Amino acid sequence: TSLSLIDDIRVSAVHNSSRLNGSLEYLGRRRETSPYLGRYNGISVVVDRKKVSIMTNHTLLRARVEKVTRLLNASQNIKELRIPPCLGWAYTQRRVDECSQSFEYCAYDIVYSFGGMHVISLQDMLQERIKLPLHKRFDVAKSLARSILYLHTAEWLHKGIRSSNVVFFTDRLLNESDDRASKQSDREFLAKIDLPYLVGFEYSRINSHDEKTEHMTDGFDNNLYRHPDVQGEPETGPDSYLGDSPRFSKNHDIYSLGVVLLELGLYKR
């Protein structure tokens with residue numbers, strides 16, 4: 001039954017666009033390792049942000065983003081994938097990069113709803129020493145492995161598996177106090193916390209030779225989760241997303257999953 005459902009993910013090209021026309025307010029991140037947050041038409045959202053040069057070939061790139069968004073929309077009823085409800089994608093007009101006044105960029109945002117709950121990534125938990133109980137860590141490990149299995153069965157590559165893209169939605173903020181009662185309350189809460197969701201699909205693509213591999217345009221920390229064959233320095237050129245980097249494979253996703261499992265087992269970044 002699950003495999004027949006996954007076949008539905010291979011979506012047709014005949015579809016209405018998933019581009020959002022409403023108002024997306026970009027709120028940034030709590031810290032560097034946190035997911036991007038925002039509000040769309042008053043709804044709290046998580047955002048996968050893909051920043052590219054303003055000179056990029058947008059026809060090809062928008063087709064890629066559209067395909068990914070359709071995948072996410074088509075998979076909403078497959079619980080094993082653990083993907084939050086995807087609202088669609090948005091395009092942000094050109095702006096000047098904060099780090100370099102000479103680099104004009106635009107951004108493509110894949111937008112997920114999370115029902116106004118609090119969002120915390122696995123990497124946040126590792127950094128803040130918010131410790132999941134051992135049995136919960138096993139549950140998270142199995143859930144992530146199952147999610148990647150289902151994605152690969154549908155012949156899709158994630159390309160961004162790392163602990164910052166493993167997110168938990170919670171109905172309360174976790175205490176940062178050293179108070180014993182607060183710590184005990186957190187331990188009880190974490191023992192019952194729901195399984196995480198997988199985000200970070202901005203570079204995902206079909207596992208096909210017809211699909212070109214994109215250069216990654218993010219930093220050193222994210223390269224730590226990638227196999228050396230598919231690591232690369234950040235590119236900002238107009239054609240960087242159509243680069244000649246080695247082709248990404250399912251094995252590279254599995255390598256990244258292994259790094260996350262190592263973090264989860266040792267419980268440190």
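In this text, all values refer to a predicted model and were calculated from it rather than measured experimentally. All residue numbers in this chain count up from 1 along the given sequence.
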Exercise for the section: Could you walk me through whether Val68 and Ile110 pass side-chain contact (heavy atoms from CB on, under 4.5 Å), step by step? Expected result: CA-CA 9 Å; Val68 172; Ile110 299 175; 3.8 Å; yes
Handout entry: Minimal non-hydrogen separation, Val166 against Pro196, with atom names
Key = CG1-CB, 3.5 Å
Handout entry: Cationic tip of Arg226 above Phe248 ring, under 6.0 Å, 45° of axis
Key = no
Exercise for the section: Going by the side chain to side chain donor-acceptor pair (under 3.5 Å) test, name the single residue among His158, His152, Glu155 that passes it with Lys250. Expected result: Glu155
Practice task
If you link ILVMFWY side chains whenever their heavy atoms are less than 4.5 Å apart, which other residues fall into the same cluster as Leu262? By chain and number, please.
Solution key: Leu266
Handout entry: Minimal non-hydrogen separation, Ile161 against Ser256, with atom names
Key = O-CB, 3.5 Å
Problem - Criterion side chain to side chain donor-acceptor pair (under 3.5 Å) on Glu80 and Ser147, from CA distance to verdict - result: CA-CA 6 Å; Glu80 291 87 349; Ser147 179; over 6 Å; no
Practice task
Compute whether any side-chain donor of one residue and acceptor of the other, for Ser164 and Gln123, lie under 3.5 angstrom apart.
Solution key: no
Practice task
In sequence, state the C-alpha distance, the side-chain angles, and the governing distance for Leu81 and Leu198, and then conclude on side-chain contact (heavy atoms from CB on, under 4.5 Å).
Solution key: CA-CA 8 Å; Leu81 276 173; Leu198 189 61; over 6 Å; no
Problem - Evaluation steps, side-chain contact (heavy atoms from CB on, under 4.5 Å), between Ser113 and Tyr40 - result: CA-CA 9 Å; Ser113 169; Tyr40 176 71; over 6 Å; no
Problem - Closest contact, heavy atoms only, Val260 versus Ser163 - result: CG2-N, 3.8 Å
Practice task
Could you pull out the closest heavy-atom pair between Arg39 and Val45, with the gap in Å?
Solution key: N-CG2, 3.7 Å
Practice task
Give a yes-or-no answer on whether the side chains of Ser121 and Asp124 include a donor-acceptor pair shorter than 3.5 Å.
Solution key: yes
Exercise for the section: Answer yes or no: is there a side-chain heavy-atom contact under 4.5 Å between Arg62 and Val65? Expected result: no
Handout entry: ILVMFWY network linking Leu264 to Val259, side-chain heavy atoms under 4.5 angstrom
Key = yes
Exercise for the section: Specify whether Tyr112 and Phe201 have parallel, tilted or perpendicular ring planes, treating 30° as the upper limit for parallel and 60° as the lower limit for perpendicular. Expected result: tilted
Fill in the blank from the handout: Here the pair of heavy atoms bringing Ser143 nearest to Arg82 is OG-CG, 3.5 Å
Handout entry: Any side-chain donor near an acceptor of the partner, Gln127 and Arg269, under 3.5 Å
Key = yes
Handout entry: Student check: side-chain heavy atoms of Cys106 and Thr92 closer than 4.5 Å
Key = no
Exercise for the section: Establish, from distance only, whether the side-chain atoms of Glu263 and Tyr225 form a donor-acceptor pair under 3.5 Å. Expected result: yes
Problem - Closest contact, heavy atoms only, Leu190 versus Lys131 - result: CD1-O, 3.4 Å
Exercise for the section: Using the six-membered ring wherever Trp is involved, compare the ring planes of His58 and Tyr91 and label them parallel, tilted or perpendicular (cut-offs 30° and 60°). Expected result: perpendicular
Handout entry: Ile148 reachable from Phe138 in the ILVMFWY side-chain graph, under 4.5 Å edges
Key = no
Practice task
Please check if any side-chain donor atom of Arg70 sits under 3.5 Å from a side-chain acceptor atom of Asn73, or the reverse.
Solution key: no
Problem - Cluster check Ile120, Leu195: I/L/V/M/F/W/Y, side chain < 4.5 angstrom - result: no
Practice task
Test the Lys50-Tyr108 pair against the cation-pi criterion, namely NZ or CZ under 6.0 angstrom from the six-membered ring centroid and within 45° of the ring axis.
Solution key: no
Practice task
Could you point out which residue of Phe169, Phe114, Phe168 forms a side-chain contact (heavy atoms from CB on, under 4.5 Å) with Tyr197?
Solution key: Phe169
